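This report concerns only the one structure given below.
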Protein chains: 2
Amino acid sequence: MSQTASIKDVATHAQVAVGTVSNVLNYPDRVSQRTKERVLKSIAELGFVRNDAARQLRAGQSRTIGLIVLDVGNPFFSSVARAAEDAATALGSVVLVGDSGQDSSREAHYMDLFQEQRVQGLLISPVGDVAERIDTLRERGVPTVLVDELADTERCSSVSVDDQEGGYLAAKHLLDLGRRRLAFVGTPSIRQVASRLKGAQRAVAEVSGASVEVLDSAGQTVLAGRQVGNSLVERAPELRPEAVFCSNDLLALGVMQSLTMLRTVRIPEDIALIGYDDIDFAISAVVPLSSIRQPTEALGRTAIELLAEEQESGGTKHRAVVFTPELVVRQSTAGAPN
Amino acid sequence: MSQTASIKDVATHAQVAVGTVSNVLNYPDRVSQRTKERVLKSIAELGFVRNDAARQLRAGQSRTIGLIVLDVGNPFFSSVARAAEDAATALGSVVLVGDSGQDSSREAHYMDLFQEQRVQGLLISPVGDVAERIDTLRERGVPTVLVDELADTERCSSVSVDDQEGGYLAAKHLLDLGRRRLAFVGTPSIRQVASRLKGAQRAVAEVSGASVEVLDSAGQTVLAGRQVGNSLVERAPELRPEAVFCSNDLLALGVMQSLTMLRTVRIPEDIALIGYDDIDFAISAVVPLSSIRQPTEALGRTAIELLAEEQESGGTKHRAVVFTPELVVRQSTAGAPN
DNA sequence: CGTAACAAATGAAACGATTCAAAGACGAGT
DNA sequence: ACTCGTCTTTGAATCGTTTCATTTGTTACG
């Protein structure tokens, strides 16, 4: 009894055929009440637990869905991951999360791994160029859904958020407050950030006399935000922007700390400040931070749904679902223009 | 070529026996250079990828290690998880992360799942009482290592951090600054928090004239911290504590926000403040926050090592490794006593 | 030339589940 | 008593890999 019992052991113990035990587990209606009880009793007595490997081998496919994210520590991704897990659980599947850490070799490693595991499907926020591998997977019957990246629908499905719209919303909001001299803080070398900037510029172009200055930050962290914030404080007041849009909440919190710590600048009176992502900390900042909320739960849930669609259609039909981000106004951009 | 090629297909294509293909993959030295090349060429041409389910079935065990945490969103656990993943990767294993969300039914679900997967071993931060299940797993040859919880070494191994010592360190530090009237903020109903409080009380008992008041918070979040902070601000100055020790950095940040926002209290001059966990935000707070750092990487790495030890010893020898936390002094507790 | 020694390659058996065609059991209807 | 239909149960075949006892091939040596 020390080692694990197999279905055969159960069959022997209950004095039935192995097929019957399998039926008890998978098609209980096919089995008479009497035998069912006997089998279940044996299962309990022997402590039988299904061997998933054997089951998968026979089925030719696992009940596993692979998810590769850029950084599990990032609240955006951990939220997407959690939503995906919940949606998958409802379908009787399990999500395996791999963290590429923005490293394309790690990304490749996880793709290999998931392929060996014969995952049902793959959700991925790609780092490198994965187009070819996705083609290969599709040929093998493994559907892929890009996450937070727009897909060529000839190739696969995708769920993403309209970053340009998000940027537009943020800048429009600042302009609506009456602010004209805007600053954008972020690293436009990242595609998502570039789109947000583009959206902001579009909003600015719609208002005469408005301008936006781009402040390239060293990274997307609180510290990077502080550095930018310090450089703003050092400026002569008349050279400071009237409103700042950061490509990410961490940056915004850093900027906020610099500005409020030295107490030379008031938020939102002197400078209105808005971030992006609406992380949990945004609401609990010294000055509650306005932000652009991305529908992370919807992203995760929809990603799983698209995967299911792909499976049903045999991997022929692809869809690119684009969500619209939402403006969340808090104290950091509250009140009338100065 | 649309579907996945098996080892048999490779064998046919390369005109060798299946055993030879297997040898090329697992024992390359047993195969001559010539055939090896031929086989590898066929593998590449057919795009063959090992079927892990079949491999596991034959091996009787997977290369997977299960990890069940209380909350993946919590930086403490995500850091432990990452360290465990890295250590496991080095051993050629994969870590599957399950999030119990402090819910014992979800915990049980993941335990079932991992058992079906025939994981090599299980790392778990338990919610409910899992002693019996661990016994069962041990009988089945699945070693378990408790994470952030001290184990009965008759039963299994564990990695944990000395919470009482952490509490002692924090309180001692505050006392060393000359502060006498301390406050402890947290939810002592959680075991770890209770230990930290106990440590703090021990430190206080060592100093004559010192006292510690316990402020039970509604949760362990920034918001809960703010509420406590507000209640402190409302007090008459002479009734306020001289130093506050929060059982968690989020709480501490909340307290800090309340105190600094209203500008009636200075940190650290009027109230010295220390948190616990040393999360990334601690260093970037308005007033950089002192904290107690837990060796999360060591926890994750060691958990995997203990698992390996268990496997080698056949699951007979268990060890409980306890790490000592570390005091990190920053501005929130800097300077001389008032 | 015979054979011992070794290397390389073979292919059937096994892992544990599911599937499915076939057999068995049983009662109703004639 | 016989046939038919329905409900249960059976057990061999299958999935793709690894393992290992055998066979085959090659070289060296007496």
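First the proteins, then the strands, lettered A, B, ... as listed; each starts at 1. None of these values were measured; they are calculated from a predicted model.
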For a quick check of understanding: with a heavy-atom distance under 4.0 Å over all strands, which category does A:Asp52 fall into, base, sugar-phosphate or nothing? nothing

How many Å lie between CZ on A:Arg50 and C1' on C:dA17, as a whole number? 9 Å

Any side-chain donor-acceptor pair under 3.5 Å between A:Asp71 and A:Gln102? no

Do B:Arg58 side-chain and D:dT18 base share a donor-acceptor contact under 3.5 Å? yes

Taking only side-chain nitrogens and oxygens of A:Ser22, does any of them come within less than 4.0 Å of OP1 or OP2 of C:dT19? no

The answer to which of B:Asp29 and B:Ala54 contacts DNA chain C further toward the 5' end, by nearest nucleotide, is B:Asp29

Ranking B:Ala59 and A:Leu25 by the position along DNA chain C of their nearest nucleotide, the one closer to 5' is B:Ala59

Of the nucleotides D:dG11, D:dG16, C:dT18, which has the atom closest to the A:Arg55 side chain? C:dT18

Could you check whether any side-chain N or O of A:Asn26 sits under 3.5 Å from a backbone N or O of A:Asn23, counting only pairs where one atom can act as donor and the other as acceptor? no

Base, sugar-phosphate, or nothing: which does A:Val31 touch, judged by heavy atoms less than 4.0 Å apart? sugar-phosphate

With heavy atoms under 4.0 Å as the rule, sort B:Val21 into base, sugar-phosphate or nothing. nothing

Categorize A:Gly19 for me: base, sugar-phosphate, or nothing, with a 4.0 angstrom heavy-atom threshold over every strand shown. base

Under 4.0 Å: is that the gap between some side-chain N or O of B:Arg30 and OP1 or OP2 of C:dA8? no

Touch check for B:Thr20, heavy atoms < 4.0 angstrom, all strands: base, sugar-phosphate only, or nothing? base

Less than 4.0 angstrom between a side-chain N/O of B:Tyr27 and OP1 or OP2 of D:dT18, yes or no? no

